[in-house]
**Student:** 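Sharing a structure, written as structure tokens. Questions coming.
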Amino acid sequence: MGDARPFGSLIHPFLLHPSVCVLPAANPSLRKHLPMKAPIQMSDLERIRHSAAHVLATAISRIWPDAQFAAGPPVDTGFYYDVELSHRISPDDFAQIEEEMRKETKANYVFERRVVSRQEALLMAQQGRLGALGEREVVSKFKLDILTNIPEGEEISLYVNGEFTDLCAGPHVMRTGNIGAFKLTHVASAYYKGDERNPQLQRIYGTAFKNKTEMEAHFAMLEEAKRRDHRKLGKEMELFTFDEDVGPGLPLWLPNGTVLIEELEKLAKETEFAADYHRVRTPHIARENMYLTSGHLPYYVESMFPPMELAEKNADGTVAEISDRYYLKAMNCPHHHKIFKAVPRSYRDLPLRLAEYGTCYRYEQSGELLGLMRVRSMQMNDAHIYCTTAQFEAEFMAVNEMYLKYFKVFGLTNYLMRFSTHDPARLGEKFVDDPVLWKQTEDMVRGVLVKSGINFVEVPNEAAFYGPKIDVQVWSAIGKEFTIATNQVDFAVPARFGLAYKDRDNTDKTPLCIHRAPLGTHERFIGFLIEHYAGNFPLWLAPEQVRILPIGDEDELVEAAVALRAELRSHGVRAEVDASSAKINGKVLRAEESKVHTMLVLGKRDLEGGNLSVRVHGKGNLGAKPRGEVIADILSSIQERRANAV
RNA sequence: GCCAGUGUAGCUCAGGGGUAGAGCAACUGAUUCGUAAUCAGUAGGUCGCGGGUUCAAUUCCCGCCACUGGCUCCA
């Protein structure tokens, strides 16, 4: 184990640093978007958590002295430490580990910082003394690896708490007793340095706070987040389901969920029609040859479902040869390119905007699937805009404005625009080798963002192979980050497809292409909306918009309820009648539970006065109002897609 | 795909080597109630699937499938 570089290439830049504790101070969620920077200070809470990670390592070392520690940084909701250990740590072990941790915090040791020479640190690693209670027979192998990657001339520091010594740049709290409250939460696994070629380590997660009150508030918040989880609400509200026989990652949309889909499509179609898009429809499959042209084969083949093979058969029924292969489409662009190509194009046709809610299939790895947020079949709010270089900026800008318009409709404010650019060092490898076009398009995109006054982060080396892109990042209820919308420049693939238009000077030119999906895919967007609204959709989106609750079941009342339902439905309102024998309290309860947006209570008193008693989900009884007024309010709220209806 | 955990009625969950139980929902009947649970009755499960150990498996063991938490990856 003397090899200084026992592991694969270094992937995560933060991990290159002497201590993974050193992170840029900012919203932790943004960190992954930032390039590595010099050490920046941690917030007080992060110091507490990072210190708790050391105390966790101390406790584990006491119980399992052969533990090999890798990295132990603070994260958004707490901290973790990666450890290699023959014992498989399970939640059953947490009580024992926490007990050891408590001894350390009670002892109130000082976190003592020691600057050492590179040579001294290397010697200690060889003696197994880093991330350990003392000298061991084994080398502190991960610490040694981290150490050897610290750039020459940089200060090397150790932190000592009690008997435990760790390689770390800090910072920490003054004493172990400053960690007011902590709790281990779960155990997971992670590859060393995030590289699947490296060994898998056990990642022990915990959280820590200044005091117990704050920690309890944190756990209460988590409970609240779980209530918003789209998987839970999706089941309760009968929006979608999965079935083993259909297959993992292949959602079945129930009637209530389909309402959401169709309302979104209506919104998209209206918006795109107004913006001069043309709608197209394309098949879900295509021949192998198209994906060879597009370059998806072989580069994207891992993410595609295996092909359907058509075979010539011998007389005895055995396969003579594969005569054709069809693939399920993983994206719509090639089909759209073919539509562009189907007709001779002139510069007068540009910009040409082709839109389709196209269904794509991607063979995501099984462990990556997550409710609606990560699926294998998805309906994408896709469009491809073919334009000239001169038209590009205006087109890209218009797409961006479309995003913002949508976000306003949904009251979406907590998002991050991520501008992904290329890495000049990887031209011709990861990125199309055309430095001039890269610079030109990236400048244009950056210009659009600056001009729009939108906050964004720029991330190099994240672009698509065919051009720069903007992704819109949002966070799910349980804190996971997702791309909800995307706007990409493509200056490479149109040429591969031989796309051309006749320019003013009678020469053939290749168009630029913008791939855009402001509403992402139905699956992810709706998954996100469910959590965003906690299932309490505005009236225009609500699967059941109105439920009429007659008080009692006398003929007169029931007839009035049925007539009201018919009238509402004639205006396209999704209205139902609760004709059950339950009492009015029970009917109200059930309607509230199923998150019906508007409840219209109809009793004798209302009937006589020509009124309806309005109750809105979550807002309680709003009192009796004239029947005509109530209906008009409902219709205009839907029509205007009001955020807070009635 | 990898590591770990979980899988009992439509839902939420008890139970446990001697072949299962509650609440809610469903169904039937009664009730005629003004804004978060009217009452009674009925029905509902090859305890994820397959194999093994055992006189006996839903319970123990193995394999598979699905889901959950992560890692890797992404709309």
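Side chains included, hydrogens not; waters and symmetry mates left out as well; all remaining heavy atoms used. Keep in mind that what you see is a predicted model, and the values were worked out from it rather than measured. Chain A is the first sequence line, chain B the second, and so forth, proteins listed ahead of strands; every chain is numbered from 1.
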**Student:** Under 6.0 Å between ring centres: does that hold for A:Phe142 and A:Tyr192?
**Tutor:** yes
**Student:** Taking atom types as modelled and ignoring hydrogens, do the side chains of A:His87 and A:Asp93 form a donor-acceptor contact shorter than 3.5 angstrom?
**Tutor:**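 Side-chain D/A pair, A:His87 to A:Asp93: present.
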**Student:** Hey, does the side-chain of A:Tyr191 have a donor or acceptor N/O within less than 3.5 Å of a partner on the base of B:G1?
**Tutor:** yes
**Student:** Once the angle between the rings of A:Tyr300 and A:His296 is folded into 0 to 90°, is it parallel (under 30°), tilted (30 to 60°) or perpendicular (over 60°)?
**Tutor:** perpendicular
**Student:** Between protein and nucleotides 34-44 of chain B, what N or O pairs are separated by less than 3.5 Å?
**Tutor:**
unit_1: B:G34; atom_1: O6; unit_2: A:Lys604; atom_2: N; d: 3.1
unit_1: B:G34; atom_1: O6; unit_2: A:Arg605; atom_2: N; d: 2.4
unit_1: B:G34; atom_1: N1; unit_2: A:Asp606; atom_2: OD2; d: 2.8
unit_1: B:G34; atom_1: N2; unit_2: A:Asp606; atom_2: OD1; d: 3.4
unit_1: B:G34; atom_1: N2; unit_2: A:Asp606; atom_2: OD2; d: 2.8
unit_1: B:G34; atom_1: N2; unit_2: A:Ser613; atom_2: OG; d: 2.8
unit_1: B:U35; atom_1: O2'; unit_2: A:Arg615; atom_2: NH1; d: 2.6
unit_1: B:U35; atom_1: O2; unit_2: A:Arg615; atom_2: NH1; d: 3.4
unit_1: B:U35; atom_1: O4; unit_2: A:Ser613; atom_2: OG; d: 3.0
unit_1: B:A36; atom_1: N7; unit_2: A:Arg615; atom_2: NH2; d: 3.0
unit_1: B:A36; atom_1: N6; unit_2: A:Glu592; atom_2: OE1; d: 3.4

**Student:** Scan A:Ala188 against the nucleic acid and name what it touches under 4.0 Å (heavy atoms): base, sugar-phosphate only, or nothing.
**Tutor:**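 Counting heavy atoms under 4.0 Å across all strands, the contact made by A:Ala188 includes a base.
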**Student:** For atom P, what is the distance between B:A25 and B:U38, given to the nearest Å?
**Tutor:**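 Pairwise P distance, B:A25 against B:U38, rounds to 10 Å.
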**Student:** Less than 4.5 Å apart, side chain to side chain, heavy atoms only: is that true for A:Phe182 and A:Glu98?
**Tutor:**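 With C-beta onward as the side chain, the pair touches.
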**Student:** Name the nucleic acid region contacted by A:Met380, choosing base, sugar-phosphate or nothing; use a 4.0 angstrom heavy-atom cut-off, strictly under.
**Tutor:** nothing
**Student:** Taking the C1' atom of each, how far is B:U31 from B:G5, in whole Å?
**Tutor:**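 Pairwise C1' distance, B:U31 against B:G5, rounds to 49 Å.
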**Student:** With rounding to the closest Å, how many angstrom separate the P atoms on B:C62 and B:U53?
**Tutor:**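 So the two P atoms sit 15 Å from each other.
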**Student:** Report yes if a side-chain nitrogen or oxygen of A:Lys480 is closer than 4.0 Å to either non-bridging phosphate oxygen (OP1 or OP2) of B:G70; otherwise report no.
**Tutor:**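 The answer is yes; a side-chain N or O of A:Lys480 sits under 4.0 Å from OP1 or OP2.
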**Student:** So, is A:Arg374 close to the B:A75 phosphate, meaning a side-chain N or O under 4.0 Å from OP1 or OP2?
**Tutor:**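 For B:A75, neither OP1 nor OP2 has a side-chain N or O of A:Arg374 closer than 4.0 Å.
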**Student:** In whole Å, what is the span from the CD atom of A:Gln379 to the P atom of B:A75?
**Tutor:** 18 Å
**Student:** Between A:Ser366 and A:Gly520, who's closer to the 5' end of RNA chain B by nearest nucleotide?
**Tutor:** A:Ser366
**Student:** Using a 3.5 Å limit on both pairing distances, list the dot-bracket string of RNA chain B from the 5' end; Watson-Crick and G-U wobble pairs count, crossing pairs take [ ], interstrand pairs take |.
**Tutor:** (((((((..((((....[..)))).(((((.......))))).....(((((..]....))))))))))))....
**Student:** Could you check whether A:Arg376 makes a cation-pi contact with A:Tyr361, meaning its NZ or CZ is under 6.0 Å from the centre of the six-membered ring and within 45° of the ring axis?
**Tutor:** no
**Student:** Under 4.0 Å between a side-chain N/O of A:Ser189 and OP1 or OP2 of B:A4, yes or no?
**Tutor:**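 For B:A4, neither OP1 nor OP2 has a side-chain N or O of A:Ser189 closer than 4.0 Å.
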**Student:** Are A:Arg418 and B:C74 close enough that a side-chain N or O sits under 4.0 Å from OP1 or OP2?
**Tutor:**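 No.
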**Student:** Within 45 degrees of the axis of the six-membered ring of A:Phe79 and under 6.0 Å from its centre: does A:Arg49 put its NZ or CZ there?
**Tutor:**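 The answer is no; the distance or angle limit is not met.
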**Student:** How do A:Asp471 and A:Lys232 order along RNA chain B: which one's closest nucleotide is nearer the 5' end?
**Tutor:**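 Per heavy-atom nearest nucleotide, the more 5' residue is A:Lys232.
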**Student:** Determine the interatomic distance between P on B:G17 and the same-named atom on B:C61; round to the nearest Å.
**Tutor:**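 B:G17 and B:C61 have their P atoms separated by 13 Å.
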**Student:** Measure up the A:Tyr357 and A:His522 rings against each other and bin them: parallel (under 30°), tilted (30 to 60°), perpendicular (over 60°).
**Tutor:** parallel
**Student:** Between atom CD in A:Glu462 and atom C1' in B:A75, what is the gap in whole Å?
**Tutor:**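 My rounded result for the distance is 15 Å.
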**Student:** Specify the separation, in whole Å, of atom CG of A:Asp245 and atom P of B:C49.
**Tutor:** 13 Å
**Student:** Would you say a side-chain N or O of A:Arg203 is under 4.0 Å from OP1 or OP2 of B:G70?
**Tutor:**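 No, no such contact exists.
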